[in-house]
Number of protein chains: 2
Amino acid sequence: MVKRTSLEDAPCPIARSLDMIGDWWSLMIIRDCFLGRRRFSEFQKSLGLAKNILAARLRTLVASGILEMTPASDGSAYQEYVLTPKGRGTFPILVALRQWGEEFSFEPGEVPTLLVDRKTHRPVRKLELRSASGRLLNQPDTEVVPSAEAQRP
Amino acid sequence: MVKRTSLEDAPCPIARSLDMIGDWWSLMIIRDCFLGRRRFSEFQKSLGLAKNILAARLRTLVASGILEMTPASDGSAYQEYVLTPKGRGTFPILVALRQWGEEFSFEPGEVPTLLVDRKTHRPVRKLELRSASGRLLNQPDTEVVPSAEAQRP
DNA sequence: CCGTATCCATTCCGATACTG
DNA sequence: CAGTATCGGAATGGATACGG
């Protein structure tokens, strides 16, 4: 995408993820997909970006296996863009971005949109990181190690 | 940062987060901070990006309240960059990016670095999203609503 | 309606040189 | 070591025009 030092061979999974979706628009398009949008014009109206840029982003997202094109459900001659399993796997990333934004980017008076439990309509909890045994972990409780140094479960 | 349709006033917290850290380098710099790096040259060597770009990114991260500059701990005349509470709040975002990368960007033979429990050195679990009552939620169990339509806990 | 093609300004990014 | 200054090529992003 960008002629930038490629991170796709880095051993760090964060680097590889950012290499694929770490640009300005990809995650916004994926967010729209989770909101049920699937047509070119829906993305374009929702995001307000130039059509050539949108077309390029959709192409790379399809090429990365995050979106796939399917015949339009309404019988029109066109295609729709829907998330693949890999694409749906980004859900925790979007939730984490959302929760960080809620906490640090809204003034007391402002009201963000909320992620709620569909059944009860009550806001979800903050994402939880747990150890293999189920203990809640914060960042200082963790460590990044080369794969070889990890204990196998 | 980029002269792009600004998302900083959007009601969607995802949009606001991406407006602040949704570029190619910011999250990589933050990742390095979590790994204990704090000096200009450490970032530069680790990330391999141009010094002017790094300087610009560090400036905006400080301006956004994600990093702060402190006198160098070793008595040298320079500054170090350390995460603020807001910056440390990005931890779940990095974990989510890491887990998605582990799952979808590594071939069977390749070994990623791993996030482990510091005590046991066993890999952490996948991030869990739970309802207010503690039930595990997947994406289809959730919904995004304007703040007014959410049930107050 | 769904894109592609083209033009243009801006910015990004890398490389290098330079300063305290 | 920690940046700043500058340069050039590449890509972004907005706007518009055009074709199936």
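Throughout, a chain's letter reflects where its sequence line sits, starting with A, and its residues are numbered from 1. Every value quoted in this text rests on a predicted model; they were computed, and no experiment measured them.
- No contact: B/Phe43 has no heavy atom under 4.0 Å from any strand.
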Which nucleotides of DNA chain D pair, in dot-bracket form (Watson-Crick or G-U under 3.5 Å, | meaning another strand): ||||||||||||||||||.|

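- Within residues 30-39 of chain B, the residues approaching DNA chain D are B/Arg39, by heavy-atom distance under 4.0 Å.
- Closest-nucleotide positions on DNA chain D for B/Gln79 and A/Ala50 were compared, and the one nearer the 5' end corresponds to B/Gln79.
- For NZ of B/Lys119, the number of neighbouring non-hydrogen atoms (other residues, nucleotides, ligands) closer than 6.0 Å is 12 at most.
- Of the side-chain N and O atoms in A/Tyr81, none sit less than 4.0 angstrom from OP1 or OP2 of C/dC2.
- The side-chain heavy atoms of A/Val145 and B/Thr113, taken from C-beta on, include no pair separated by under 4.5 Å.
- With rounding to whole Å, A/Ile53 atom CD1 is found 8 Å from D/dA11 atom C1'.
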Derivation of the salt bridge (Lys or Arg N to Asp or Glu O under 4.0 Å) call for B/Glu128 and B/Arg130: CA-CA 6 Å; B/Glu128 296 169 352; B/Arg130 293 181 183 272; 3.0 Å; yes

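- Judged as a side chain to side chain contact (heavy atoms under 4.5 Å, CB included), and not counting sequence neighbours, the contacts of A/Ser131 are A/Ser133, A/Arg135, A/Leu137, B/Asp117.
- Close to D/dG13, at under 4.0 Å from its OP1 or OP2, lies a side-chain N or O of A/Trp25.
- Both tests do not hold together for A/Arg39 against A/Tyr78: distance to the six-membered ring centre under 6.0 Å, angle to the ring axis within 45°.
- If you measure from atom NZ of B/Lys45 to atom P of D/dG3, you get 16 Å, rounded to the nearest angstrom.
- When B/Pro92, B/Ser17, B/Pro13 are each tested for a side-chain contact (heavy atoms from CB on, under 4.5 Å) with A/Trp100, only one passes: B/Ser17.
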Base-contact (B) and sugar-phosphate-only (S) positions in nucleotides 4-9 of chain D, heavy-atom cut-off under 4.0 Å, - elsewhere: B-B---

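- For the pair A/Ile21/A/Ile93, a side-chain contact is recorded, criterion being any heavy-atom separation below 4.5 Å from C-beta on.
- Applying the salt bridge (Lys or Arg N to Asp or Glu O under 4.0 Å) test to residues at least two apart or on different chains, the pairs with a partner in residues 84-100 of chain B are B/Arg98-B/Glu102.
- If you measure from atom CH2 of A/Trp24 to atom C1' of C/dT11, you get 11 Å, rounded to the nearest angstrom.
- Among residues two or more places apart in sequence or in another chain, the side chain to side chain donor-acceptor pair (under 3.5 Å) test is passed with B/Asp32 by B/Arg37, B/Ser46.
- Rounded to whole angstrom, the span from the CD atom of A/Gln44 across to the C1' atom of D/dT16 amounts to 12 Å.
- Contact annotation: side chain of A/Tyr78 to base of C/dC2, donor-acceptor pair absent below 3.5 Å.
- The phosphate of C/dC1 has neither OP1 nor OP2 within less than 4.0 Å of any side-chain N or O from A/Ser41.
- Formation of a donor-acceptor pair under 3.5 Å by the B/Asn138 side chain with backbone atoms of B/Pro140 is not found in this model.
- Remark: C1' of C/dA15 and CG of B/Leu49 are 12 Å apart, rounded to the nearest angstrom.
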